[in-house]
Amino acid sequence: MSTERRKPYPFDYIEPKWQAYWEAQQTFHTPNPGEPGFDPAKPKYFVLDMFPYPSGTGLHVGHPVGYLATDIIARYKKTRGFNVLHPMGWDAFGLPAEQYAIKTGQHPAVTTAQNVAGFKGQLQRIGLGYDWQREVNTTDPGYYRWTQWIFLQIYGSWFNPETQRAEPIATYKGDNPDSVRLAYVAEAAVNWCPELGTVLANEEVVDGKSEVGGFPVIRKPMRQWMLRITAYAQRLIDELEGLDWPIGIKLLQQNWIGRSEGAEVHFTVDGSGENITVFTTRPDTLYGATYMVLAPEHGLVDRIVTEEQLAEIEAYREKTARKSDLERTELAKEKSGVWTGAFAINPVNHERIPIWVADYVLLGYGTGAIMAVPAHDERDWEFARKFALPIREVVSETPRLGFSGESPCSAEPLECFVGEGYAVHSGPLDGLPTFDAKAEITRLLEAQGLGRKTINFKLRDWLFSRQRYWGEPFPIIWEDGQHRALRETELPLHPPELADFKPTGTGEPPLARAHDWVQYRPTHHERGTDRTSAVFPLPSLGVIEGAEMDGPVVTRETNTMPQWAGSCWYYLRYCDARNSERFVGREAESYWMKGPLPAAGSQSDPTATRLGTGGPSSADRAGSQSDPTATRLGTGGPSSVDRAGSQSDPTATQLGTDGPSSADRAVLGTGPRATQPSPGGVDLYVGGTEHAVLHLLYARFWHKVLYDLGHLSTPEPFQRLVNQGLMLGEDGQKMSKSRGNVINPDDVIAEYGADALRCYEMFMGSLEATKPWSMNGVEGVSRFLARVWRLAMEENQAGEWELSPAVVDIAPDKAQLKVIHATIKKVGEDIEALSFNTAISQMMIFVNTFTNANPRPRTALRTLLQVLNPFAPHLTEELWERLGFEEGDTRPLATEPWPVYDPALLIEDEIEMPIQVNGKVRDKIIVKKDATKEEIEAAARGSAKIAEWTAGKEIKKVVVVPGKLVNIVV
RNA sequence: GCCGGGGUGGCGAAAUUGGCAGACGCGCCAGACUUAGGAUCUGGUACCGCAAGGUGUAGGGGUUCGAGUCCCCUCCCCGGCACCA
């Protein structure tokens, strides 16, 4: 390569200078309520990034996309007079960090510290304006102390079905509190990953492989800690509604939780006292049940299998057990199963139907048993065809009368019909449409104690323990086979020092190797924790005169918590990161997490009222964007119409949403509702879609538990969520080391500067879109920044940059004023709308306009620097300083109020209007801005070109849209 | 299979309630300034056509004075779920 290219402007000097200045001045530190410098008159804005795992490989250019979006918003909101909370931290526990440590042969604490330093350096070189005083690290004892504390809150509570919320376990009146705790130990078939040496949550298993590393996962029965997230299933669905999240993410969560309405039906096993309960969403097809299927692992199989069938059943069960989840899905195409030899009695028609075992029925869903209705279920159909089981039609697509008397199996249907229709061959249900048939059969079953209406969820309880070293130890000890909580005063519980922290591979956690740590002898005041109390005894209650000093030796829990534990609440810790008394101070929490005030318009633009000239500006849009009704779920079709209807006229809803869709809506819980007050929470959360059902679901769950227990002021953590798109490599492929297409931001910064990196990433397309990297694109944006620089600066004979003599204190002309004010308006509005690419293009138009202006009005340049500042903070700070300060200016530019535009300057006296003939533009005319329809039409008819085009034809119609166009129809 | 999101120049992309398709940038072409240009500035650049003009937003149909935008059907790409009873 040739010599180093000349820098188009001295970013290599400017950028470190201003980064050091911000650090020294703590420009982006935001005080909490009650702290020095806090201004209670300002509204708050909490803008959050998904904090990274500090991996060893560092950031690539895809990571900062979201960080840049939030940085621009944060800087902008600050200039609009908000108290902005914009923090960063490290999700440093968990598999990636530990895998890296094992690979490099170092202790994870060492590699984590190195990686954090590396990441932080990279983020700072990009010029991100975080409040580093609030930095958190999940592996810091001062942090995980509270993660453990929150776990104990969960452990110490239960979900009261009466109140539909978590309550201290003391309010539970049953005799076995351990059966209802939100954190409990259970023996269950779990996802065991031999390669990683740990169990994994369902959410961490993708296509039968571990999400981290892609290793095979098998089912294995193990004793594990579980969190009872299923108790919150309904609320986790319902309370999505008020959130301003992408519809896709809401649906993803909804589908993951998987609510379905149906019925439980009890069948008896012929000749034994046993019962089989099934779950079905189609109780109306009960008369068409011609056999039953149990999951291979179902406990009843052993009790009902006949002697003749025993060997075959055992063989089948063993074969199924050996299959990994992956094999089981791969082999899903071909149905398999074995008859148990037993029969069940259909409760409604008392028919004797065979009971089979087949692996297409899953133990984990419903009751692990089904009634099979082959005529109306694809899977049952396939199975029945393969094993020659009877198929009976009980739903007809069209109404048919007089079928009841017919022999039930006389007409075997030719194909499987899964839709809704009308009941046939179904006794009392005959003729009823499916919807009514479901209701009727459920009523009949309930009346006879044969079944009941039920709601079933796909969501499973959260498998919360891991057999790994690098995670939070459980604050739990075991005594006489019973678990109990450590006291609050014993936290944090540090992990033991271990020379060998690799997984054991046997399922026993590595912490078990630390014998001295595991053997635990509580001192007198640590004993006697009341296991039924959620509130741990205060230390002052613990000291009892003359009590024994040493208790019996007990053992510690040796599992650790999963990666997600720390990330479930980090946003709360940011609110009060240094609090050593509480996980977050009450005042700080309620200040930063509270919802917006009712008057959205006034609060989102405090500067407008102060300066009194803002008018109906961009800020009003911000208000409407965060309107919680705007992104309601499930409103297919003209949502604005039925929204209006539901609010202003309750009857409109009833009339307007007839038909099957209303039922679906009810199921989803998304029917029209009145606008709810904002649930509050983080004002803007930006991150990738990969956390749609992991972090975002877990965090909501923890948040709700803490809210129920009175520790938090809002029921939801994240009010508004935006997903940034994926950054592809220059070859259009996903960036990866193996493809060799990874771009390191440090290299881009070295060549073009951080401001160019920032502006390019924001200019390349919409925030949410997937987009490929292009170095040529960076070059283009770099040129734009250099042009900005040269608007103010020029090079002298000695090759030094000095203030350009073209910059003088004159008033901009009319055309310039229009560009200036249009730019203020558009950039502000575009930032509010997260449309950063169009904001930058407007600033390019500004620069193009002024590039050849000589002289150049100083005020114009100053305005440009103000609106460009959130995007290119280093360059603009430098020029702001060099252009000199005016009275009333603050420094740095980062704290200067956002400029105010004058709408009057944007209105043209005369406007150009296209004239169409039959929809095609044929001429353009200039008319006064307030010209009447008649005047415009007359002018259009007066055009010579139009006369040509309409010559000899009859003008049938003239459409005049003032301010837009004229269309003449001939 | 089901559920989302998409498909606009050579490329990245713009386009309030339906109202001049392609803003802005890259690339390319030409010019200016220059010892020089991988610097800078100016102009041009959807496609076909010398032009007048015609054609164009994945494809087909529809509504409308007017459709990238609304409705119906089809195709393709990306993401998610996937025997969920």
Side-chain angles (χ1 to χ4, degrees), chain A residues 2 5-6 8 206-207 246-252 254-256 258-260 262 278-282 285 293 295 328-329 331-333 335 358-362 364-373 376-380 382-383 418 456-459 621 637-638 640 689-690 692-693 723 725-726 732 759-760 763-766 768-781 783-784 786-787 790 829 833 835 837-845 847-848 851-852 912-922 924 956-961 963-970:
Chain A
S2 59
R5 195 144 49 115
R6 224 180 133 279
V206 180
D207 291 334
I247 194 95
I249 300 292
K250 287 188 177 186
L251 286 167
L252 237 42
Q254 246 183 15
N255 292 341
W256 188 265
R259 181 186 199 272
S260 53
V278 301
F279 171 74
T280 176
T281 55
R282 291 295 298 270
T285 63
V293 185
R328 217 161 140 166
T329 22
L331 298 173
K333 280 149 194 115
K335 292 274 178 294
D359 67 359
Y360 82 91
V361 172
L362 310 172
Y365 185 76
T367 61
I370 61 157
M371 63 175 206
V373 185
H376 306 290
D377 180 283
E378 296 277 4
R379 295 148 301 176
D380 298 343
E382 251 180 74
F383 192 84
V418 299
N456 197 49
F457 295 94
K458 280 203 294 193
L459 186 69
R621 286 207 162 180
S640 60
T689 18
E690 66 272 21
V693 289
N723 292 124
L726 202 65
C759 290
Y760 172 62
F763 180 63
M764 56 195 303
S766 80
E768 287 162 282
T770 300
K771 40 207 180 276
W773 183 266
S774 156
M775 274 303 180
N776 282 339
V778 185
E779 182 100 34
V781 171
R783 278 209 278 265
F784 158 68
R787 281 155 63 98
R790 291 197 310 271
E829 286 174 359
S835 178
N837 50 339
T838 51
I840 292 171
S841 75
Q842 178 63 35
M843 291 187 281
M844 287 173 166
I845 291 169
V847 171
N848 291 344
T851 293
N852 292 307
E912 189 190 61
M913 277 181 68
I915 313 299
Q916 298 180 333
V917 177
N918 287 341
K920 290 193 163 58
V921 178
R922 298 303 183 185
K924 291 180 181 181
K956 293 180 185 143
K957 187 172 183 180
V958 179
V959 180
V960 180
V961 186
K964 294 285 188 190
L965 50 52
V966 179
N967 191 12
I968 298 169
V969 186
V970 294

I'd like the [atom1] distance from [M] over to [N], given in whole Å.
| N | M | atom1 | value |
| --- | --- | --- | --- |
| B:A58 | B:C76 | C1' | 7 Å |
| B:G60 | B:G68 | P | 13 Å |
| B:G5 | B:C73 | P | 16 Å |
| B:C47 | B:G12 | P | 16 Å |

**Prompt:** For A:Asn967, does its backbone N or O pair with a side-chain atom of A:Lys957 as donor and acceptor, under 3.5 Å?
**Reply:**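 Looks like no, no N/O pair under 3.5 Å.
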**Heavy-atom donor-acceptor pair, A:Tyr760 side chain to A:Ser774 backbone, under 3.5 Å** = yes
Starting at [atom1] of [X], measure out to [atom2] of [Y] and round the result to the nearest 0.5 Å.
| X | Y | atom1 | atom2 | result |
| --- | --- | --- | --- | --- |
| A:Arg922 | A:Ile915 | CZ | CD1 | 13.0 Å |
| A:Arg259 | A:Asn456 | CZ | CG | 10.5 Å |
| A:Phe763 | A:Met844 | CZ | CE | 4.0 Å |

**Request:** Identify, between A:Phe279 and A:Met913, the residue whose nearest nucleotide on RNA chain B lies closer to the 5' end.
**Result:**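 So the residue in question is A:Met913.
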**Request:** Could you check A:Leu252 against A:Ala369 and say which one's nearest nucleotide on RNA chain B is further toward the 5' end?
**Result:**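 Its nearest nucleotide being more 5', the pick is A:Leu252.
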**Message:** For A:Pro914 versus A:Val921, what's the shortest heavy-atom pair and its separation?
**Reply:**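 Nearest heavy atoms, A:Pro914 then A:Val921: CB-CG1, 4.1 Å.
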Could you list all N or O pairs between the protein and nucleotides 41-44 of chain B that sit under 3.5 Å apart?
| from | atom 1 | to | atom 2 | distance (Å) |
| --- | --- | --- | --- | --- |
| B:C41 | OP1 | A:Arg787 | NH1 | 2.9 |
| B:C41 | OP1 | A:Arg790 | NH2 | 3.3 |
| B:U42 | OP1 | A:Asn852 | ND2 | 2.3 |

**Prompt:** How would nucleotides 4-13 of chain B be written as a contact map, 5' to 3', with B for base contact, S for sugar-phosphate-only contact and - for no contact, using protein heavy atoms under 4.0 Å?
**Reply:** S-------BS
Nearest-Å distance for atom pair [atom1]/[atom2], residues [X] and [N]:
| X | N | atom1 | atom2 | result |
| --- | --- | --- | --- | --- |
| A:Ile840 | B:A14 | CD1 | C1' | 14 Å |
| A:Asn456 | B:A85 | CG | C1' | 9 Å |
| A:Asp380 | B:A85 | CG | C1' | 7 Å |
| A:Lys458 | B:C83 | NZ | C1' | 11 Å |
| A:Tyr360 | B:C83 | OH | P | 13 Å |
| A:Met844 | B:A14 | CE | C1' | 13 Å |
| A:Leu965 | B:G19 | CG | P | 9 Å |

**Message:** Expected output check: what is the dot-bracket annotation of RNA chain B, where ( ) and [ ] are pairs inside the strand (brackets for crossing ones), | is paired with another strand, and pairs are Watson-Crick or G-U under 3.5 Å?
**Reply:** (((((((..(((......[....)))((((((.......))))))(((....)))..(((((..]....))))))))))))....
With sequence neighbours left out, what residues match [X] under side chain to side chain donor-acceptor pair (under 3.5 Å)?
| X | answer |
| --- | --- |
| A:Asn918 | none |
| A:Arg282 | A:Asp284 |
| A:Gln916 | none |
| A:Thr838 | A:Asp830, A:Ser835 |

Pairs under 3.5 Å (N/O, protein and nucleotides 65-67 of chain B):
| from | atom 1 | to | atom 2 | distance (Å) |
| --- | --- | --- | --- | --- |
| B:C65 | O2' | A:Asn967 | ND2 | 3.1 |
| B:C65 | O2 | A:Asn967 | ND2 | 2.8 |

Protein N or O to nucleotides 51-55 of chain B N or O, pairs below 3.5 Å:
| from | atom 1 | to | atom 2 | distance (Å) |
| --- | --- | --- | --- | --- |
| B:G54 | OP1 | A:Arg922 | NH2 | 3.3 |
| B:G54 | OP2 | A:Arg922 | NH1 | 3.1 |

**Sequence-distant partners of A:Asp380, salt bridge (charged side-chain N to carboxylate O under 4.0 Å, His left out), two or more places apart** = none
**Prompt:** Considering only B:C83, B:G27, B:C20, which nucleotide approaches the side chain of A:Asp359 most closely?
**Reply:** B:C83
**Request:** Applying side-chain contact (heavy atoms from CB on, under 4.5 Å), name anything that partners A:Pro8, two or more places apart in sequence or on another chain.
**Result:**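 So A:Pro8 forms a side-chain contact (heavy atoms from CB on, under 4.5 Å) with A:Phe11, A:Ser782, A:Ala786.
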**Asked** For A:Met371, which residues count as a side-chain contact (heavy atoms from CB on, under 4.5 Å) partner, sequence neighbours excluded?
**Response**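 Here the qualifying residues are A:Phe267, A:Val278, A:Thr280, A:Thr285, A:Leu286, A:Ala289, A:Val373.
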**Polar side-chain contact A:Lys924-B:C20 base: donor and acceptor under 3.5 Å** =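 Present.
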**Message:** Does the Lys NZ or Arg CZ of A:Lys335 fall within the cation-pi geometry relative to A:Phe383 - under 6.0 Å from the ring centre and within 45° of the axis?
**Reply:** no
**Worked verdict on A:Lys458 versus A:Tyr365 for side-chain contact (heavy atoms from CB on, under 4.5 Å)** = CA-CA 6 Å; A:Lys458 280 203 294 193; A:Tyr365 185 76; 3.6 Å; yes
**Request:** Quick one: classify the glycosidic conformation of B:G9 as syn or anti, with syn meaning within 90° of 0.
**Result:** syn
